[in-house]
2 protein chains.
Amino acid sequence: MATVSRVLNQKGYVHKDTVQKVHEAIEMLQYTPNDIARSLSKKSSKTIALIVPDITNPFFNELALAVEKVTQMYGYTTILCNTNDSPAVERQYIQTLKQKYIDGFIMATNTLSSNEIDQLQVPLVALDRFNFQTVPTISSKNREGARLAVQALLQQGCTKIMHIRGPKGLWIAEERCQGYLDLVEDLDWFTPKLIVNGNFQLKEASEAVNKIFETHPDIDGIFAGNDLMAIGALRVMQKRGIRVPDQVQIIGYDGIPLGEMVYPELSTVAQPIYEMGMLAARILIKKIEQQPLEEMNHQMDNELIQRGTTRHTS
Amino acid sequence: MATVSRVLNQKGYVHKDTVQKVHEAIEMLQYTPNDIARSLSKKSSKTIALIVPDITNPFFNELALAVEKVTQMYGYTTILCNTNDSPAVERQYIQTLKQKYIDGFIMATNTLSSNEIDQLQVPLVALDRFNFQTVPTISSKNREGARLAVQALLQQGCTKIMHIRGPKGLWIAEERCQGYLDLVEDLDWFTPKLIVNGNFQLKEASEAVNKIFETHPDIDGIFAGNDLMAIGALRVMQKRGIRVPDQVQIIGYDGIPLGEMVYPELSTVAQPIYEMGMLAARILIKKIEQQPLEEMNHQMDNELIQRGTTRHTS
DNA sequence: CTGTTAGCGCATTCAT
DNA sequence: ATGAATGCGCTAACAG
């Protein structure tokens, strides 16, 4: 019995012939090891959890794919948890998972206080969070990315640009909003009313844009904090019979595949989503296996991709 | 120790005062039970898995919400597994989960052979599958639903209706296609060329529709096997400058929220997604707990919802 | 009503 | 190089 354990884990000495025999027996008996017993004994489930706020957002799907790929390579299982933006659900998941010897978390949500996170007792890496001392963070250069977008809008003739921002208090939403402000705050047409909150949701963004066009019909540029909201804005333009990009130019943020499926195709600030997911997973596993981390805060570069919703030359 | 177990599980006799004292101790020590040990002992993890082919499809998200809701009510955890249409991934999940004492599966995929499913050894309920003898099935009345859509198209003046079907061999796709055929097969304009395969994906549907419009520019009605594909078709119309619903009318199938976010809003055959999810979960739990099932095959009613992509009167 | 005991299936000493 | 013994934290059967 101990011998079988040895060959399964490739640990300790075991004669070559015995290995062979064990494998034959396994085959014959259709034996599969019991992960639960293994977990109990090792105090580890070889499982990590990826916690996301909205599973229908393709951004998180791509992230999940990336995470799953590398965790699997290292022999870990990953389980996907969708909180639907509810902190209660998130806490519930964390609690349940901890009772199951979860080895680590990748948090792509921002609902928990840093206090709660510190008490976690389980390895953790955060996506799109503000610099922690204690937990590794991965994000793209949000402020810089936002500037990229607004600058393009400006250069391409926009004379009144609105911003659809993400949730208040959410780090990445603030940063992207700041990037927008950096470039337009001092222009004479600017007013804070040009910033509306879409909570990163298509529907809310649509409603907000629809409303602001009542009072500001002369807006000719829209920078959205993510692609979903940009698409929401695009819908509104179509509904109102406003031509994109002739009358209004739109740029989103994320670079999700859905952006290429709408018409006109969405211009966007593309994050290296897949790489961010892989990096997060690698770092988490390093942390779980107690290896030293070189860096705590990873900032990825973005790329401005101009497609059908902007009037770019060339 | 056994007493603690008793109060936690509310099983067996235990004095009221003792219960109190145990709870105080739990509070004091911040004790949380170890689910892994519990699972090992009970040979059950109190968790079930919902296996879906494409997590970005809002249909499955709504399903997941429903399933999660009822499983949680019964004290189960549910874990979401996205196979991304890969049978290999699906098998991998099943294997891994079985080794973790998973209590049951809800399969919203159709990749596995019924043979494999019979060997599963774990309670299972299937969504949108053909009538099994052994496993409970839930689906909507696909053929009837399809007829609902095509009939409306016909009545509202369409004289050449194409169908974007789902994957070959997939039961629900076949049924919906049959429903289409039921109504149009004998009409003089009909030709099998009017049926294209979009594999239930937005992108593939777009490409297929784009292609068929080269040879059949006089199509004035589109019935899509799901909403995602219908939206793909809508995109193509917009790209080609074809007015919807004036020149072409479109009806999808599913009733996902996304359908209300596009412009014009999508007409569709709405399935009771949430109810289907809840029903699936209830049945699975019944099966896990060895309660008798009254019925094996549940067929839900659909509702035709006409919105902006059709020219309905009233 | 409560404490003692054995066993769930594995990994990990320690002998041999 | 291999087998026997112990423990992971819990539940269930049994005594008391």
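Letters A, B, ... mirror the listed sequences (proteins, then strands); counts begin at 1.
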For B/Asn9 and D/dT11, is the shortest distance between a side-chain N/O and OP1 or OP2 below 4.0 Å?
yes
Please assess A/Lys141 against A/Asp301 for the test salt bridge (Lys or Arg N to Asp or Glu O under 4.0 Å), listing each intermediate value before the final yes or no.
CA-CA 6 Å; A/Lys141 295 172 179 162; A/Asp301 284 316; 2.7 Å; yes
Answer yes or no: does a side-chain N or O of B/Tyr101 lie under 4.0 Å from OP1 or OP2 of C/dC10?
no
Is the shortest side-chain N/O distance from A/Thr18 to OP1 or OP2 of D/dT2 below 4.0 Å?
yes
Is the closest side-chain donor-acceptor distance between A/Gln271 and A/Asn302 under 3.5 Å?
no
Check whether any side-chain nitrogen or oxygen of B/Thr3 sits under 4.0 Å from OP1 or OP2 of C/dG3, and answer yes or no.
yes
In whole Å, what is the span from the CE atom of B/Met1 to the P atom of D/dG9?
10 Å
In whole angstrom, give the distance that lies between atom CD1 of A/Ile36 and atom P of D/dT11.
14 Å
Phosphate OP1/OP2 of C/dC10 contacted by A/Lys42 side-chain N/O (<4.0 Å)
no
Report, as yes or no, whether the 6.0 Å neighbourhood of atom CD on A/Gln291 holds more than 12 heavy atoms from other residues, nucleotides or ligands.
yes
Please work out if A/Ser39 contacts a base, only the sugar-phosphate, or nothing of the nucleic acid, heavy-atom cut-off 4.0 Å.
nothing
What nucleotide among D/dT2, C/dC10, D/dC8 has an atom nearest to a side-chain atom of A/Leu40?
D/dC8
If you pin B/Ser41 and B/Lys16 to their nearest nucleotides in DNA chain C, which one's is more 5'?
B/Lys16
Return the value, rounded to whole Å, for the distance between atom CG of B/Asn34 and atom C1' of C/dC8.
13 Å
For C/dG9, does either OP1 or OP2 sit under 4.0 Å from a side-chain N or O belonging to B/Lys43?
yes
Hey, is the main chain of A/Phe200 close enough, under 3.5 Å, to the side chain of A/Asn226 for a donor-acceptor pair?
yes
Check the phosphate of D/dT11 against B/Ser5, side-chain N and O only, distance under 4.0 Å to OP1 or OP2. Yes or no?
yes
Between D/dG3 (C1') and A/His15 (NE2): distance, integer Å
17 Å
Once you round it to whole Å, what is the distance between C1' of D/dG9 and CG of B/Asp35?
11 Å
Starting from P on C/dC1, measure out to NZ on B/Lys21 and report it in whole angstrom.
14 Å
If you apply the rule side-chain hydrogen bond (donor to acceptor under 3.5 Å, both in side chains), what do you find for A/Asp85 with A/Gln201, and how did you get there?
CA-CA 11 Å; A/Asp85 282 314; A/Gln201 307 273 357; 3.2 Å; yes
Write down the distance between CZ (A/Arg6) and C1' (D/dG3), rounded to a whole number of angstrom.
8 Å
Please give, in whole Å, the distance from D/dA12 C1' to B/Arg38 CZ?
14 Å
How do B/Ala37 and B/Val19 order along DNA chain C: which one's closest nucleotide is nearer the 5' end?
B/Val19
